[in-house]
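Contents: one structure, followed by commentary.
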Amino acid sequence: MSSQTVNSSEDIFDSSLNLEDIHYKEGYSVGYTDGLNSGKDEGKQVGLKKGFEVGEELGFYKGCIDVWNAAILVDPICFSSRVQKSIKQMDELLNKYPFSDPENESATDIIDSLRLKFRAICATLNIKPEYDGYPKTSGIDNSGF
């Protein structure tokens with residue numbers, strides 16, 4: 001047998017022996033591409049939902065601040081000076097929130113401070129706001145606006 005005949009028979013068996021490796025690499029490549037695409041889509045949906053929730057919460061706080069400030073305009077002594085100071089601090093925190101830069105690390109600190117300030121004001125005024133966030137669905141996916 002010539003060396004050329006031996007090499008051609010080895011080439012035939014090499015492709016058979018490497019078949020598993022070839023399919024593994026092809027499957028990995030397809031799976032990676034599909035995972036990357038679905039991950040981006042899922043990340044976008046989660047980001048939209050979380051952004052909506054944060055915006056809704058900040059809007060709720062802004063509404064409370066506006067109502068409390070309106071009450072102070074009508075009757076300047078309706079709240080103690082401590083509560084009025086807390087309302088002003090809460091308004092300042094809300095104005096510091098980086099709406100145009102959601103990846104800013106101070107955003108989390110500011111919203112945590114807002115929550116604490118809100119709870120403190122509500123406890124001092126002995127009120128229990130009935131806002132529990134956007135109503136949650138019962139197993140139905142309403143993520144498609």
Side-chain angles (χ1 to χ4, degrees), residues 6-145:
V6 171
N7 284 340
S8 67
S9 66
E10 285 179 10
D11 289 341
I12 292 171
F13 292 118
D14 281 346
S15 65
S16 296
L17 293 174
N18 293 331
L19 189 61
E20 182 180 351
D21 191 43
I22 292 168
H23 284 292
Y24 174 81
K25 288 178 181 176
E26 184 179 317
Y28 178 85
S29 175
V30 170
Y32 183 84
T33 303
D34 287 349
L36 191 61
N37 290 335
S38 67
K40 285 181 181 178
D41 291 341
E42 186 178 341
K44 181 179 177 182
Q45 291 300 319
V46 169
L48 284 170
K49 181 181 178 193
K50 190 64 178 170
F52 179 80
E53 290 172 357
V54 169
E56 187 179 39
E57 183 177 4
L58 293 173
F60 175 74
Y61 294 145
K62 179 64 175 160
C64 290
I65 291 168
D66 289 346
V67 168
W68 291 331
N69 282 329
I72 292 169
L73 286 175
V74 171
D75 183 9
I77 58 169
C78 65
F79 301 130
S80 69
S81 61
R82 189 174 117 204
V83 171
Q84 289 184 25
K85 180 181 174 188
S86 293
I87 292 169
K88 184 178 180 193
Q89 289 172 342
M90 195 171 166
D91 195 23
E92 289 169 357
L93 280 170
L94 195 58
N95 290 330
K96 283 185 196 175
Y97 190 84
F99 289 101
S100 59
D101 186 15
E103 293 181 12
N104 189 328
E105 292 179 13
S106 68
T108 305
D109 295 336
I110 291 172
I111 202 155
D112 288 343
S113 296
L114 277 166
R115 288 176 182 144
L116 287 171
K117 202 54 92 170
F118 180 74
R119 278 191 231 130
I121 292 170
C122 289
T124 303
L125 296 176
N126 198 23
I127 59 172
K128 294 180 179 148
E130 296 189 21
Y131 174 76
D132 292 326
Y134 191 75
K136 307 293 185 259
T137 58
S138 56
I140 301 171
D141 182 23
N142 289 336
S143 60
F145 302 115

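Just so you know, these numbers use all the heavy atoms, side chains as well, and skip hydrogens, waters and symmetry mates.
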Could you pull out the closest heavy-atom pair between [X] and [Y], with the gap in Å?
| X | Y | answer |
| --- | --- | --- |
| Ala71 | Cys78 | O-SG, 3.6 Å |
| Trp68 | Met90 | CZ3-SD, 4.3 Å |
| Lys96 | Ile110 | O-CD1, 3.6 Å |

Taking the side chain as every heavy atom from C-beta outward, state whether [X] and [Y] have any atom pair closer than 4.5 Å.
| X | Y | result |
| --- | --- | --- |
| Glu42 | Gln45 | no |
| Arg115 | Arg119 | yes |
| Asn69 | Ile72 | yes |
| Glu103 | Asp101 | yes |

Practice problem: Taking Ser86 for its side chain and Arg82 for its backbone only, find out whether a donor-acceptor pair lies under 3.5 Å. | Solution: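 Yes: the side chain of Ser86 pairs with the backbone of Arg82.
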Quiz item: If only atom types and distance count, is the side chain of Asp91 paired as donor or acceptor with the main-chain N or O of Ile87 below 3.5 Å?
Solution: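 Checked: no pair found.
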What distance separates [X] [atom1] from [Y] [atom2], expressed to the nearest 0.5 Å?
| X | Y | atom1 | atom2 | value |
| --- | --- | --- | --- | --- |
| Ile111 | Ser106 | CD1 | OG | 11.5 Å |
| Leu125 | Cys64 | CG | SG | 10.5 Å |
| Lys117 | Lys88 | NZ | NZ | 12.5 Å |
| Ile65 | Ile121 | CD1 | CD1 | 7.0 Å |

If you count every heavy atom of other residues, nucleotides or ligands that lies below 6.0 Å from [X] atom [atom1], does the total exceed 12?
| X | atom1 | value |
| --- | --- | --- |
| Phe99 | CZ | yes |
| Ile77 | CD1 | no |
| Glu92 | CD | yes |

Practice problem: Specify whether Tyr61 and Phe118 have parallel, tilted or perpendicular ring planes, treating 30° as the upper limit for parallel and 60° as the lower limit for perpendicular. | Solution: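 Correct class here is tilted.
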